Amino acid sequence: TTGIIMARENQSVVTEFIFQGLSSQPRTQTVLFTVFLVFYLFTIFGNIMIITVIRADCQLQAPMYFFLANLSFLDICYVSSNIPQMLVNLFTKKRTISFSGCAAQMYFSLAFGMTECVLLGVMAYDRYMAICHPLLYTTVMNRKVCIHMVMASWTSSLLSSMVINSLTLQLPFCGPDILNHYFCEVPAVLALACADTALMELVIFTFSILIVFIPFLLIITSYAHILFAVLKIQSAHVQSKAFSTCGSHLTVVTIFYGTAICMYMNPKSRPPQDRDKVVAVFYTIVAPMLNPLIYSLRNKDMKRALRRAMNRPKSLF
């Protein structure tokens with residue numbers, strides 16, 4: 001990939017991109033800087049807290065919380081791939097990024113986003129096994145299997161992002177160099193290519209099916225089975241407990257997938273619109289920020305673990 005980047009910088013006029021950002025108004029930029037700085041700090045602190053509590057509490061060692069800790073780590077990586085650059089642009093009023101810097105940001109943000117899609121699918125399958133096949137759950141979802149699932153989520157996404165980015169960077173970029181976005185995202189960069197992008201659009205759509213839509217179908221199928229299984233239970237208390245363990249995950253899925261599908265399952269032949277930037281804010285910034293809040297407020301086990309942790313703060317360190 002490095003060789004491709006150097007080759008493109010030597011062959012094309014464009015050696016850096018200029019972010020159009022979310023706003024060109026100085027007063028609005030100041031407000032945006034403050035808001036997104038708070039979002040970023042809250043995301044980092046909240047997800048570190050979840051990871052720390054899960055590691056410290058012996059009652060949160062089930063596969064569900066192993067996956068949640070990995071999701072929290074992933075969210076830290078995800079927001080760190082785009083928010084710091086955006087904050088620098090808003091604070092310094094310098095909106096440029098080098099071609100190689102843009103390529104790196106494009107690779108990591110796409111890889112982390114894809115990993116989140118797959119990991120959310122894995123978490124839905126975990127809930128399906130726990131509720132629909134409780135007798136087999138501990139056997140099927142053992143520690144080794146959980147580790148392999150997480151590794152598969154990361155590996156498939158990192159490789160998929162490498163393919164998409166390698167093909168994107170082989171396109172000629174001879175101008176314009178104004179990126180209608182607040183970070184380097186593949187559809188926005190693709191719109192600046194000085195060549196027919198029909199093949200790349202097909203590649204992106206294909207990988208969107210594999211990495212975004214198939215896990216989404218797994219989530220829908222898993223929760224359909226869960227719904228039917230729970231409705232057969234006579235006890236209202238057991239039904240409530242089963243639904244409460246799934247509520248947090250469904251909320252996260254709705255926020256993340258609802259916006260990501262709008263972006264990556266649509267045709268990309270048109271230029272990026274301001275609406276696309278707003279949609280991207282939800283799955284790159286808002287969803288990772290809300291995850292700690294959703295899982296701590298809607299999950300009774302997490303709330304109890306947080307209370308235990310606050311009663312003995314030394315156990316966290």
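Atom set for the values below is all heavy atoms of this structure, side chains included, hydrogens, waters and symmetry mates excluded. Nothing here was measured: the structure is a model prediction, and the numbers come from that model.
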Below 4.5 Å, heavy atoms only, C-beta onward: do [X] and [Y] meet side chain to side chain?
X    : Y    : result
M86  : L32  : no
F256 : N291 : no
M149 : F67  : yes
V252 : L290 : no
V79  : I285 : no
L22  : Q29  : no
N47  : L71  : no
S98  : T15  : no

[X] side chain to [Y] main-chain N or O, any donor-acceptor pair under 3.5 Å?
X    : Y    : answer
T197 : M200 : no
E16  : I97  : no
Q170 : N165 : no
K277 : N180 : no
Y182 : A280 : yes
S156 : S153 : yes
R127 : Y223 : no
S81  : Y78  : yes
D126 : V122 : no
T221 : L217 : yes

Task: H181 and F183 aromatic centres sub-6.0 Å - done: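 Centroid distance H181-F183: below 6.0 Å, so yes.
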
Task: is_close_aromatic(F99, F173), centroid dist under 6.0 Å - done: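 Between F173 and F99, which both carry aromatic rings, the centre distance is below 6.0 Å.
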
How far apart are the closest heavy atoms of [X] and [Y], and which atoms are they?
X    : Y    : answer
S161 : Y107 : OG-O, 2.8 Å
C146 : P63  : SG-CB, 3.6 Å
Y283 : P288 : O-CD, 3.9 Å
M141 : Y125 : SD-CE2, 3.9 Å
R95  : N89  : CA-OD1, 3.9 Å

Task: Test side chain to side chain contact (heavy atoms under 4.5 Å, CB included) applied to L179 and E185, step by step - done: CA-CA 9 Å; L179 199 65; E185 191 171 31; over 6 Å; no

Measuring from [X]:[atom1] to [Y]:[atom2], what's the distance to the nearest 0.5 Å?
X    : Y    : atom1 : atom2 : value
C117 : L210 : SG    : CG    : 12.0 Å
L60  : L68  : CG    : CG    : 9.0 Å
I54  : N70  : CD1   : CG    : 9.0 Å
L227 : K232 : CG    : NZ    : 11.0 Å
I44  : M289 : CD1   : CE    : 13.0 Å
T115 : L74  : OG1   : CG    : 5.5 Å

When you group the ILVMFWY residues by side-chain heavy-atom contacts below 4.5 Å and let the links chain together, are [Y] and [X] in the same group?
X    : Y    : answer
L87  : I18  : no
L171 : I178 : no
V88  : L90  : no
V145 : L135 : no
F45  : V35  : yes

Open item on the list: Going by ring pair (Phe, Tyr, Trp, His ring centres under 6.0 Å), name the residues that satisfy it together with F91, two or more places apart in sequence or in a different chain.
Closed with: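 Testing F91 for ring pair (Phe, Tyr, Trp, His ring centres under 6.0 Å), a comparison that skips the adjacent residues, returns F33.
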
- [ ] Under the side chain to side chain contact (heavy atoms under 4.5 Å, CB included) rule, what do M123 and M64 come out as? Steps first, then yes or no, please.
- [x] CA-CA 7 Å; M123 293 173 74; M64 173 182 175; 5.9 Å; no

Open item on the list: With a 6.0 Å cut-off (strictly less than), is the heavy-atom count around CZ of F19, excluding the residue itself, greater than 12?
Closed with: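 Enclosed.
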
Open item on the list: Within a 6.0 Å radius of atom CZ on F73, are there more than 12 heavy atoms belonging to other residues, nucleotides or ligands?
Closed with: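 12 or below, so no.
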
Open item on the list: What verdict does the side chain to side chain contact (heavy atoms under 4.5 Å, CB included) test give for C132 and I226, after you've listed the backbone C-alpha separation in whole Å, the side-chain angles of each residue and the deciding distance to 0.1 Å?
Closed with: CA-CA 6 Å; C132 298; I226 289 171; 4.2 Å; yes

Open item on the list: Would you call the rings of F39 and F36 parallel, tilted or perpendicular, taking 30° and 60° as the class edges?
Closed with: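 Judged by the thresholds at 30° and 60°, the geometry between F39 and F36 is perpendicular.
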
TODO: Run the numbers on I76 and T43 for side chain to side chain contact (heavy atoms under 4.5 Å, CB included), then give the verdict.
DONE: CA-CA 7 Å; I76 292 172; T43 303; 5.7 Å; no

